[in-house]
> 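One structure, pasted below without further comment.
One is the number of the first residue; the rest follow in order along the sequence.
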Amino acid sequence: MRNLVSTSKIAVLSLFVLASAMGCTTTRIENTVSEDTPERQPPNILLILSDDHAWNDYSFMGHDIVKTPHLDELAEGGVTFTKGYVPTSLCRPSLATIATGLYASQHGITGNSPSSLTPGGKEGTEYQRLRAEIIAKIDTVETLPELLRKRGYVSLQTGKWWEGSYQRGGFDEGMTNGFPNPGGRHGDEGLKIGREGISTITDFIDRTHSANKPFFVWYAPFMPHAPHTPPKRILSKYKKYDLPESIAKYYAMIEWFDETNGQLLEHLEKRGLRENTLVVYVSDNGWVTNPTQTGRFLPKSKQSPNESGVRTPIIYSLPGIFSSQWRPERVSSIDIVPTILGAAGIEVPTELPGLNLYDELASGSPINREAIFGEGFAHDMVDLDDIESTLLYRWVIKDDWKLIVSYNGKNVSYQKYHDDFLVGPRLYHLASDEYEEVDLAKRYPEKVESLMKELKRWYPIEKRKVL
């Protein structure tokens, strides 16, 4: 799979050139729109991404304290997968996967930053050169806004965005100036969205709708991500629960984030656009708040392959097409790009590993999938040309069994979040142990062996050793 990084752009462009030569700039998905069916107006698309948000910290997921009324309504009316996953539990590679439909081992953006041990430090010229080299990886693949442009979509970036400016990601408009501009690490001006209102998005929606253009909005606010600075009016609701201050602030940040979603959905309703707007919701990675330290997380959450790191609810809502469904299957954020393309009537590039779920969402039919895969790398990228250099974990889930395998990749930062978990293979039965409290690896060695074969079939490891 990894050799697709260098060829993916060429392959997609080749398909596009071939289609253009045949006089057909867009190709509808087979079994989705037949040749005899009138072509429908492609739906608008609103992609909502929360940031550092635990999979169970929503009222629709059963939380006793956290209030998320607007996401609850979205989940109730849409197609909701309570067992969704992101392949990588670190924000930059996770967001790059959602933007490209490729695993981190394919798009090559495996960590957040160059190595902190780079000669000259973070302000040195070598570190800055490496930052630019990481960003350049986005140029080797096609992004979702670039793919949607073929169908006439106009796109807007807001919130978190690591890969340079919004133009670098293929967006038509955006808020992020990006490195090397001042403050351009992971969003700069874009990080104001949500915390300082949503008018950038609502104005964009109004303009594109008036121009009779379908729109794609990337809404990735810095929420509930630290700094946890919720409004006092919301924080006061959680003070009564006698919670540690760090947890109360985190819960209030979730409700604040939910409030902004309500504002966006209300605007779509007011403009008469909700019926034909596909709203997709996912979190970039999990989170468990440190009860003694505001804005800090605990091990087995962010950066880890455990459920509290990689699990997230995933919601698809398209009222004109999808009925309300609570789905039991496990799905992945790797499916988001092909599914959005399916909804837009755009041919899915063959190199994308995820599933186009559009037909299953529309019909309610079962999803044909055997396993879900994921991989975890160190926060710092050591060798930018060798994805195995910082490989710490791979994991697979099949038939409710989850295997986590650890590797001896180099890790130069955040060691305390990994040291206790860089151990031998761990096996969990998620149907009876969704918090992964009982390691069954020694009891079921044959299951470990079987799932190890699944990981090898996914892609082979050439240099790293299994711990």
> Determine the minimum heavy-atom distance between Arg394 and Leu455, stating which atoms define it.
NH1-O, 3.3 Å

> Are any non-hydrogen side-chain atoms of Arg311 and Glu434 less than 4.5 angstrom apart?
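A side-chain contact exists here, since the closest heavy-atom pair is under 4.5 Å.
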
> Examine distances only and state if a side-chain atom of Thr88 and a backbone atom of Leu90 form a donor-acceptor pair shorter than 3.5 Å.
no

> Are there more than 12 heavy atoms of other residues, nucleotides or ligands under 6.0 Å from atom CD of Gln167?
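Atom CD in Gln167 is packed in, count exceeds 12.
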
> Got a donor-acceptor contact below 3.5 angstrom from the Arg195 side chain to the Phe222 backbone?
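Indeed, once roles are kept as given, a pair shorter than 3.5 Å links the two residues.
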
> Give the ring-plane orientation class for Tyr250 versus His228, where under 30° counts as parallel, over 60° as perpendicular and anything between as tilted.
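Tyr250 vs His228 ring planes: tilted.
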
> Would you call the rings of Tyr281 and Phe257 parallel, tilted or perpendicular if under 30° counts as parallel and over 60° as perpendicular?
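The arrangement is tilted - the two ring planes meet at 30° to 60°.
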
> According to the interplanar angle, ranging from 0 to 90°, do the rings of Phe204 and Phe215 count as parallel (below 30°), tilted (30 to 60°) or perpendicular (above 60°)?
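Judged by the thresholds at 30° and 60°, the geometry between Phe204 and Phe215 is perpendicular.
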
> Taking only residues two or more places apart in sequence, or in another chain, which ones meet Asp433 in a side-chain contact (heavy atoms from CB on, under 4.5 Å)?
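Tyr428, Glu437, Val438.
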
> Does Glu259, at its CD atom, have more than 12 non-hydrogen atoms belonging to other residues, nucleotides or ligands within less than 6.0 Å?
yes

> Kindly assign one of parallel, tilted or perpendicular to the pair Phe297 and Tyr417, based on the angle between their ring planes and the thresholds 30° and 60°.
parallel

> Could you check whether any side-chain heavy atom of Pro313 comes within less than 4.5 Å of a side-chain heavy atom of Tyr58, counting everything from C-beta outward?
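With C-beta onward as the side chain, the pair touches.
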
> Looking at Arg457, I want to see if its CZ is surrounded by more than 12 non-hydrogen atoms of other residues, nucleotides or ligands under 6.0 Å.
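Yes.
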
> Okay, side chain of Gln325, backbone of Leu361: is any donor-acceptor separation there less than 3.5 Å?
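Here the side-chain-to-backbone pair exists.
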
> Would you confirm whether the ring centroid of Tyr103 sits within less than 6.0 angstrom of the ring centroid of Trp458?
yes

> Determine whether His267 and Asp206 satisfy the following criterion, side chain to side chain donor-acceptor pair (under 3.5 Å), listing intermediate values before the conclusion.
CA-CA 9 Å; His267 187 77; Asp206 291 346; 2.8 Å; yes

> Can you confirm if the NZ or CZ of Arg151 lies within 45° of the ring axis of Phe216 and under 6.0 Å from the centre of its six-membered ring?
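Judged by the rule, Arg151 and Phe216 form no cation-pi pair.
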
> Check step by step if side chain to side chain donor-acceptor pair (under 3.5 Å) holds for Glu375 and Tyr459.
CA-CA 11 Å; Glu375 52 196 356; Tyr459 68 87; 2.6 Å; yes

> Kindly indicate whether a cation-pi arrangement holds for Arg327 with Phe81, taking the cut-offs as under 6.0 Å to the six-membered ring centre and within 45° of the axis.
no

> Below 4.5 Å, heavy atoms only, C-beta onward: do Lys402 and Leu427 meet side chain to side chain?
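No, too far: nothing below the 4.5 Å cut-off.
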
> Step by step, would you call Ile315 with Phe60 a side-chain contact (heavy atoms from CB on, under 4.5 Å)?
CA-CA 12 Å; Ile315 305 170; Phe60 74 86; 4.0 Å; yes

> Please report the C-alpha distance between Thr176 and Arg168 in whole Å, then the side-chain angles of each, then the deciding distance to 0.1 Å, and finally whether the side-chain contact (heavy atoms from CB on, under 4.5 Å) criterion is met.
CA-CA 10 Å; Thr176 293; Arg168 198 79 178 260; over 6 Å; no

> Answer yes or no: does atom CD of Gln263 have more than 12 heavy-atom neighbours from other residues, nucleotides or ligands under 6.0 Å?
yes

> With Glu255, which of Lys249, Lys237, Arg233 fulfils salt bridge (Lys or Arg N to Asp or Glu O under 4.0 Å)?
Lys237

